[in-house]
Amino acid sequence: MSDTHAHTVRFVRETMLPPQDPPSSQIGMVRWGRENLFDGPLNIILTVISLLVVLFLIMEMGPWFANSIWNANSLTECRQILDGASGACWGVIKDRWPQLMFGFYPPELYWRPVTALVLLFVAISPVLFPSVPKKVLYFTMVYPFLGVWLLWGGTIWGPVSVALGFVLGYVLVRATSQLSTLLSAAIVVILPILYWLFLAGPLVDALSAIAPLESQSVPSREFGGFLVSLVIGVSGIALSLPIGILLALGRQSNMPLIKYVSVIFIEFIRGVPLITLLFTASLLLNYFLPPGTNFDLILRVIIMVTLFASAYMAEVIRGGLAALPRGQYEAADALGLDYWKAQRLIIMPQALKISIPSIVSTFIGLFKDTTLVVFIGILDPIGLANATRASSDWQGIYWELFIFIGAVFFIFCFSMSRYSMSLERRLKTDHR
Amino acid sequence: MEATQDRSVNRAQMQVSDEVAIQITNMNKWYGSFHVLRDIDLTVNRGERIVIAGPSGSGKSTLIRCINRLEEHQAGQIIVDGTELSSDLKNIDKVRSEVGMVFQHFNLFPHLTILENLTLAPIWVRKTPKREAEETAMYFLEKVKIPEQANKYPGQLSGGQQQRVAIARSLCMKPRIMLFDEPTSALDPEMIKEVLDTMIQLAEEGMTMLCVTHEMGFAQAVANRVIFMDQGQIVEQNEPYEFFNNPQSERTKLFLSQILGH
């Protein structure tokens with residue numbers, strides 16, 4: 001700089017300037033506070049008001065939490081201990097813990113849902129975390145059948161024979177790969193369905209007669225509490241994503257039949273409240289099903305919740321598909337990839353990545369919506385909370401139960417949300 | 001023209017055989033009621049390098065996109081390497097795996113690394129073992145002079161590098177014909193040269209090339225035929241020297257004066 005002269009235009013830099021630290025008022029907490037909390041009179045006022053509100057809340061709720069009573073068998077006992085002071089009676093959670101968790105599941109069999117939950121985490125780990133060896137995916141494929149058997153019990157041949165239908169489907173996919181797509185798709189769909197309808201039942205009977213491998217059967221009406229929320233939520237989440245993907249692709253299909261079936265399905269399901277679908281599941285289906293069929297209530301609810309969520313999922317994924325530049329489809333086509341390979345390798349990985357926030361929102365919504373099953377008589381945590389409040393011991397208790405239930409739901413939903421954010425960061429490769 | 005000044009182009013290798021690579025007869029295409037391509041007749045022999053020029057909207061991109069059926073033609077016939085393009089999906093996939101295409105906006109797959117971009121089609125379409133596909137990919141990355149970028153993502157590369165990766169991606173499928181759809185139009189002037197160099201190298205190796213471009217220097221140095229299109233028709237075609245120095249139609253003269261005038 002020193003050698004520049006105002007009267008010459010010519011300038012040649014001889015020494016490059018080294019970078020310097022910014023002034024201390026421009027870094028760290030000082031800068032953050034100035035920019036975010038005390039930036040102008042309006043913000044100063046708002047900051048002060050907010051601090052006062054926080055303080056007020058702490059003063060109000062602090063003692064209530066501080067005086068928590070954990071050991072009490074009824075509200076009366078709890079109030080005696082508190083002796084007029086304000087305080088939370090968490091004793092109700094402790095007293096009703098098994099019920100809130102498992103409903104009326106036989107206590108001597110609690111280990112089964114617990115094992116199922118632990119194995120669930122094992123099963124989803126390779127899907128969630130890339131560091132888990134891919135071989136665990138084989139267990140993930142077995143898990144749905146194992147989980148069902150652990151939870152409901154009965155003969156092991158039931159889940160096995162259902163699983164065989166999927167194996168049959170897989171074998172057919174392999175066997176028909178030379179045929180045209182439409183024909184092979186038809187065979188792959190129809191034959192397993194015929195198998196499930198006509199062969200699976202007798203097969204179970206036959207196998208049970210040969211080797212009666214049974215565990216104690218637990219009927220659906222004994223399920224309750226968070227067990228029921230998790231069973232419905234996890235199945236709904238696991239099933240609605242693939243169905244949603246297919247519906248989204250179906251809606252974009254060139255084939256009118258597939259396109260209109262998808263559109264009508266999506267628009268119909270989205271246009272109807274979930275609660276009506278649940279009532280349909282619990283009441284109306286009985287009229288339509290042949291008399292004598294005992295179609296499991298929880299299974300019916302899972303189907304309805306899944307259909308509901310997959311309609312939303314389809315629209316979310318359609319948004320992701322629409323956001324992809326046309327060039328991606330063209331490049332995949334130009335390289336000779338067929339439709340399904342292009343979808344699987346190029347289009348879906350990107351479309352799903354774009355839609356992660358909305359997909360997870362739909363998952364979270366679905367999980368919270370499972371509490372609606374209380375209206376069709378399934379004792380989920382809300383249903384059990386109501387039952388608890390109606391009991392003579394805990395009549396009149398309110399906050400503690402719902403705070404607890406809310407907290408548990410919050411933990412699940414917040415974990416999903418945090419996971420999705422970390423996933424987005426991990427998949428961020430576009431460096432825009 | 002500047003782009004090719006500092007490089008002597010070796011035309012000795014660029015031999016055109018008598019074998020027909022692409023045969024287009026009487027081809028017509030409409031977008032709705034708009035007649036984009038009108039009575040296109042074009043025969044391309046193996047080893048030919050054809051540059052297609054013309055004002056925007058003249059149908060030149062649409063023409064080469066019909067050759068690998070990114071666009072569907074409604075009348076006439078297109079035969080690529082002996083396979084006729086019809087609605088038969090098997091034929092379309094066959095042609096597409098034999099014909100490489102380079103796009104104006106590169107269209108690399110942003111969620112895959114450079115190496116994965118290059119090996120994807122060989123592995124999934126050609127069923128090449130992964131190891132072998134990676135070796136081929138590295139060979140072509142060397143060839144386009146960016147082997148050190150193999151494990152980066154497309155978003156980390158400059159435009160010129162991305163376009164060279166796109167060329168390498170097509171080459172990994174060992175195509176017999178390469179289509180270029182304005183490969184340098186989205187690039188900074190500095191990067192145009194590196195892409196053109198790669199294309200010239202390809203031409204020297206005897207690749208059959210159809211290239212929609214505004215790089216007239218490239219056309220003069222490499223092409224053995226220049227096609228001028230306007231309003232969906234082939235207005236004039238000639239070998240480059242004659243095309244540029246002695247254009248016949250008024251429309252061609254006007255076009256050339258516009259793009260070479262300044």
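For the numbers below, each heavy atom of this structure counts, side chains included, while hydrogens, waters and symmetry mates do not. Proteins come first, then strands; the chains are lettered A, B, ... in the order of their sequence lines, and each starts at number 1.
With a threshold of 4.5 angstrom between heavy atoms, B:His111 approaches chain A through its backbone and through its side chain. Residue B:Leu179 does not touch chain A at all, counting heavy-atom pairs closer than 4.5 Å. Using a 4.5 Å cut-off between heavy atoms, B:Lys94 makes no contact with chain A at all. Using a 4.5 Å cut-off between heavy atoms, B:Phe103 touches chain A through its side chain atoms alone. In this structure, chain A has a heavy atom under 4.5 Å from the backbone of B:Val99, while its side chain stays farther away. With a 4.5 angstrom heavy-atom cutoff, B:Arg65 touches chain A only via side-chain atoms.
Residue-environment remark: OH (A:Tyr138) stays at or below the threshold of 12 foreign heavy atoms within 6.0 Å. Other residues, nucleotides and ligands place more than 12 heavy atoms under 6.0 Å from the CZ atom of A:Phe139. Other residues, nucleotides and ligands contribute more than 12 heavy atoms inside 6.0 Å of the NZ atom of A:Lys134. No more than 12 heavy-atom neighbours from other residues, nucleotides or ligands sit within 6.0 angstrom of OH on A:Tyr170. Within 6.0 Å of CD in B:Glu148 there are more than 12 heavy atoms belonging to other residues, nucleotides or ligands. Annotation for A:Met421: atom CE does not count as buried by contact number, only 12 or fewer foreign heavy atoms lying within 6.0 Å. Atom CZ of A:Arg270 sits in a crowded spot, with more than 12 heavy atoms from other residues, nucleotides or ligands closer than 6.0 Å. When the shell of 6.0 Å around CZ of A:Arg344 is examined, it contains 12 or fewer heavy atoms from other residues, nucleotides or ligands.
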Stepwise, does the side chain to side chain contact (heavy atoms under 4.5 Å, CB included) test hold for B:Val125 with A:Leu335?
-> CA-CA 8 Å; B:Val125 180; A:Leu335 285 170; 5.8 Å; no
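B:Asn68 CG to A:Asp333 CG: the interatomic distance, rounded to the nearest 0.5 Å, is 8.5 Å.
The two atoms that bring A:Ala331 and B:Phe109 nearest to each other are CB-CE2, 3.8 Å, heavy atoms only. Across every non-hydrogen atom of B:Asp93 and A:Gly336, the tightest pair is OD1-O, 4.1 Å. Scanning all heavy atoms of the two residues, the minimum distance from B:Trp124 to A:Lys341 falls at O-NZ, 3.0 Å.
For the options A:Asp338, A:Leu345, A:Leu337, heavy-atom pairs under 4.5 Å to chain B are most numerous at A:Leu345.
With B:Asn107 contributing its side chain and A:Gly327 its backbone, the two residues share a donor-acceptor pair below 3.5 Å.
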